[in-house]
Peer 1: 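Shown below is the structure under consideration.
For this chain, numbers begin at 1 and follow the sequence in order. The structure displayed is predicted, hence computed values, not measured ones.
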Amino acid sequence: MNREGPSNKKIEGFYMYRFIDYYHNEVVLSFDDHPFSTDPKHVWVVCRYQNKWLLTKHSDRGYEFPGGKVEENETALEAAIREVKEETGGIVDTIDYIGQYKVRGKEKMIVKNIYYATIKELITQEDYLETYGPILLEEIPHNVQKNRQFSFIMKDGVLLKSLERIKQRFLTNVSGT
Ligand code: GTP
């Protein structure tokens, strides 16, 4: 990937970015309305709390924005709100759909919704499940792709392009993000 990241192409009516991730899997990303599935089984939530990015520290993967799998009898939006609380203790104030991506893994294909959430409160949890709980960062480091503290899910064009979109849509007056 070059400095600007992958380029945007129109495929079957949707604008999409295509690239290869940390594990050499193919990823297709789009900021259009649910291009791959209306009922995705995975969610990822870029969170902001008190002018900082709110991440979690996953016990194996390291720092990442919270997310996970949609449970049965739950919508993707409900899963997003639940995962933020479970992994960071964050109570969602506002949440917006940003886009969707598809990863062609070695064994299966997954589709993930990307959300942007603002957090109104951080409540200490007794158990953060498979994570060590909240991490607040002023900035996502520029070398995130080479930084061993960060999870592989923060190391491809999904993060780069999602942050670009979020800054354009929601953070135009905020410096230092
Ligand atoms: P189980 O079904 O519980 O065993 O889950 P799993 O460990 O196989 O992982 P999951 O179903 O969440 O994802 C399957 C594969 O997709 C993973 O091994 C990753 O390679 C890939 N994957 C999952 N989430 C992401 C993501 O956010 N970004 C990228 N690039 N790849 C992902």
Peer 1: Are Phe65 and Val103 co-members of a hydrophobic cluster defined by side-chain heavy atoms under 4.5 Å apart?
Peer 2: yes

Peer 1: Would you check if the side chain of Asn25 reaches a backbone N or O of Gly105 as a donor-acceptor pair within less than 3.5 Å?
Peer 2: no

Peer 1: From the options Leu122, Ile135, Thr118, select the one residue that forms a side chain to side chain contact (heavy atoms under 4.5 Å, CB included) with Leu54.
Peer 2: Leu122

Peer 1: Using a 3.5 Å distance criterion without hydrogens, assess whether the side chain of Asn143 forms a donor-acceptor pair with backbone atoms of Asn147.
Peer 2: no

Peer 1: Taking only Lys NZ, Arg NE, NH1 and NH2, and the carboxylate oxygens of Asp or Glu, determine whether Glu86 and Arg82 approach each other closer than 4.0 Å.
Peer 2: yes

Peer 1: Are the side chains of Ile153 and His58 in touch, meaning some heavy atoms are under 4.5 Å apart?
Peer 2: no

Peer 1: Count I, L, V, M, F, W, Y as connected when their side-chain heavy atoms are under 4.5 Å apart, and connections chain through other members. Are Val92 and Val70 then in the same cluster?
Peer 2: yes

Peer 1: How many angstroms lie between atom SG of Cys47 and atom CG of Asp93, to the nearest 0.5 angstrom?
Peer 2: 11.5 Å

Peer 1: Parallel, tilted or perpendicular: which fits the ring planes of Tyr23 and Phe152, with parallel below 30° and perpendicular above 60°?
Peer 2: tilted

Peer 1: Looking only at the side chains, is there a donor atom on one of Thr56 and Glu87 sitting less than 3.5 Å from an acceptor on the other?
Peer 2: no

Peer 1: Can you pull out every ring pair (Phe, Tyr, Trp, His ring centres under 6.0 Å) where at least one residue sits in residues 91-120? Sequence neighbours excluded, please.
Peer 2: His34-Tyr97, Tyr116-Phe170

Peer 1: Counting distance only, does the side-chain N/O of Gln125 pair as donor-acceptor with the main-chain N or O of Gly133 below 3.5 Å?
Peer 2: no

Peer 1: A quick test of your reading: do over 12 heavy atoms of other residues, nucleotides or ligands sit less than 6.0 Å from NZ of Lys9?
Peer 2: no

